[in-house]
Amino acid sequence: MKTRQELYGNIESFWDVLDGEVYALAEAMPVSQKTISELRTAAREAYLIFEKVIPILWAMDDAALMELGFPKSALPFLRLQTMRPLSIISRFDFIVTKEKISVMEWNADTPTFIKEAFEVNDQIAAQVGLAPINEGQAGQLAASVRRAVEAAQHRTRPVPHIVFTSHGDNIEDRWTTEYLQQFVEGATYCPLDELEIRAEDGLYDQDGKHIDILYRQTFPIEMALLDRDEEGKELGVLLLQLVELGLLEIINPPSAFLMQAKSILALIWLLHETKHEYLTAEEHVSIARYFLPTYLNPSSFLERHQAFVEKPIFGREGDTVTIHQGDGKVMYSNEQRSFAGQSAVYQEYQSLPTRRLQDGTDVSYMFGVFVLGGQPSAVGVRAGERITGNRSYFLPIGQQNH
């Protein structure tokens, strides 16, 4: 068995240990090619369902969008259609059992876990004698990022100033962002706290240079909307106004934020459950196969005495997620409660599969499948407690060599 240093020591700018705690496990899990293929098929079909639904959202009035949990300050921004596809880099999270593959959620706007899946996973698999599962996907990632920037350039100056941003003091966010930045020639990096917003003028970097394209892979719009300066100005609202006025292009595009809301899962399930003719017969089959019943209130589960999961609409990393028994009593709850004030969705509970690690610890795990411009791509696994949270492990995977 190889040591952590032997496995990860030569990988540059990677956080196998994060804040003094183990993040990347020094072992790998074999996964069959059949499972990987089925996961990519599931991601493709699930993506097509979201793509089918987004015109409904664009056509909704403000009251309906607010009922789905969108903040009032974001409403004008939600209908902007700046580029296709809906999201440049996104990630579906799946529960995989012997019986089925189920969508937990779609991280359409600011998914993390990118470098782990695209760059590190196959390196570790090879060192422990497993075959790669994401071969060639890093090249597809680079091409996808460049295509998005080129698409945004059509609405900017001939030679745009392209800036990648993240929280500068967060190693995971910064190194993920810089990993993507390397794919775009001439792009620079500016920490979030050094960006300057000038209302109805533009966004400027730490050198006072006007930014044409902002790549914000790890900076969620819903968090930006909470930002205030010393004078109480709503910085997130001012940022979105720049996008509305055509003074700034952002990647991921506005449609990614629209798809990020977990309430869209409830809308999809409503269309399916009511057998709505907006969906084709094939689309109804896909939803039945891959999606879990999801609602904006828990009454359906309470009536059936069926266990369910309560998730904040714009929550992330398992924060504020609660698993309930069929009578509504709490079965398990994440100790982090950052999103307690948000509206929630209620999704049928399906337990995660478990694996015993080499040290004897039992962990639950879930698969993440990235989608690049509508096409399924790299696959990775995160492992941890029953609610996969911010302190979950990166568990490398690979195929058995025969």
Side-chain angles (χ1 to χ4, degrees), residues 42-43 46-47 49-54 56-58 60 64-72 74-75 78 86-87 90-95 101-113 220-226 252 254-273 286-287 290-301 306-324 332-334 336-350 352 366-371 382 386-390 392:
Y47 175 85
I49 296 298
F50 278 90
E51 192 171 62
K52 181 66 176 282
V53 165
I54 196 168
I56 297 176
L57 298 164
W58 282 330
M60 279 184 175
L65 288 170
M66 290 175 69
E67 190 175 338
L68 289 175
F70 290 102
K72 186 176 182 180
L75 294 178
L78 294 178
L86 305 180
S87 177
S90 64
R91 190 192 75 233
F92 279 100
D93 289 339
F94 288 107
I95 302 171
I101 294 174
S102 302
V103 174
M104 292 177 69
E105 59 194 53
W106 187 28
N107 298 284
D109 192 38
T110 53
T112 54
F113 201 59
I221 291 296
E222 69 269 19
M223 304 302 261
L225 291 171
L226 300 176
N252 272 316
S255 54
F257 174 59
L258 189 58
M259 292 287 96
Q260 174 85 11
K262 294 180 183 65
S263 50
I264 310 308
L265 292 166
L267 174 61
I268 289 170
W269 192 256
L270 175 66
L271 291 170
H272 171 63
E273 194 170 50
S286 289
I287 294 170
Y290 295 119
F291 286 74
L292 293 168
T294 306
Y295 304 96
L296 294 179
N297 66 69
S299 58
S300 294
F301 298 116
Q306 186 175 16
F308 61 93
V309 184
E310 179 182 358
K311 300 179 178 182
I313 286 175
F314 286 108
R316 54 189 60 244
E317 305 292 352
D319 192 331
T320 321
V321 171
T322 302
I323 301 172
H324 295 267
Y332 188 82
S333 183
N334 189 301
Q336 290 183 290
R337 310 300 294 175
S338 309
F339 304 108
Q342 279 191 18
S343 299
V345 296
Y346 303 85
Q347 186 180 70
E348 179 183 297
Y349 173 62
Q350 187 169 325
L352 293 168
M366 56 183 280
F367 284 87
V369 182
F370 283 88
V371 175
R382 290 183 297 155
R386 278 189 284 180
I387 297 174
T388 306
N390 194 40
S392 59

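Position 1 is the first residue of the sequence; numbering continues from there. Since the structure is predicted, the reported quantities are computational estimates derived from the model, not experimental observations.
- The ring pair (Phe, Tyr, Trp, His ring centres under 6.0 Å) check on Phe301 picks up Tyr295, Phe308, with sequence neighbours excluded.
- Formation of a donor-acceptor pair under 3.5 Å by the Ser299 side chain with backbone atoms of Asn297 is not found in this model.
- Side-chain atoms of Phe314 and Pro71, non-hydrogen and from C-beta on, do get closer than 4.5 Å to each other.
- With sequence neighbours excluded, the residues forming a side chain to side chain donor-acceptor pair (under 3.5 Å) with Ser90 are Trp106, listed by chain and number.
- Counting heavy atoms from C-beta on, the side chains of Tyr346 and Leu296 never come closer than 4.5 Å.
- Under the salt bridge (Lys or Arg N to Asp or Glu O under 4.0 Å) criterion, Glu51 pairs with Arg84, sequence neighbours left out.
- The ring pair (Phe, Tyr, Trp, His ring centres under 6.0 Å) test applied to Phe113 returns Phe394, not counting sequence neighbours.
- Every residue two or more places apart in sequence or in another chain that forms a side-chain contact (heavy atoms from CB on, under 4.5 Å) with Thr110 is listed here: Arg216, Pro220, Arg316.
- Met104 places none of its side-chain heavy atoms less than 4.5 Å from the side chain of Val309.
- Counting only heavy atoms from C-beta outward, the side chains of Leu78 and Leu57 never approach each other to under 4.5 Å.
- Heavy-atom minimum distance, Thr112 versus Arg91: O-NH1, 3.0 Å.
- The shortest distance between side-chain heavy atoms of Met259 and Asp109 does not fall below 4.5 Å.
- Partners of Lys311 according to the salt bridge (Lys or Arg N to Asp or Glu O under 4.0 Å) rule, which considers only residues two or more places apart in sequence or in another chain, are Glu105.
- Taking the six-membered ring wherever Trp is involved, the centroid distance between the rings of Tyr349 and Tyr332 does not fall below 6.0 Å.
- Distance alone, capped at 3.5 Å, places no donor-acceptor pair between the Thr294 side chain and the Ala266 backbone.
- Side-chain atoms of Ser87 come within 3.5 Å of backbone N or O of Ala108 as a donor-acceptor pair.
- Here the closest heavy-atom approach between residue Leu258 and residue Ile264 is recorded as O-CG1, 3.7 Å.
- Side-chain contact check for Ile54 versus Phe50: every heavy-atom pair is 4.5 Å or farther apart.
- Not a single salt bridge (Lys or Arg N to Asp or Glu O under 4.0 Å) links Glu348 to another residue, sequence neighbours left out.
- By the ring pair (Phe, Tyr, Trp, His ring centres under 6.0 Å) test, Phe94 pairs with Phe92, sequence neighbours left out.
- The shortest distance between side-chain heavy atoms of Arg382 and Asp93 falls below 4.5 Å.
- For the residue pair Gln350 / Ser102, a side-chain donor-acceptor distance below 3.5 Å is found, with atom types taken as modelled.
- Among residues two or more places apart in sequence or in another chain, the side-chain contact (heavy atoms from CB on, under 4.5 Å) test is passed with Ser286 by Glu45, Ile49.
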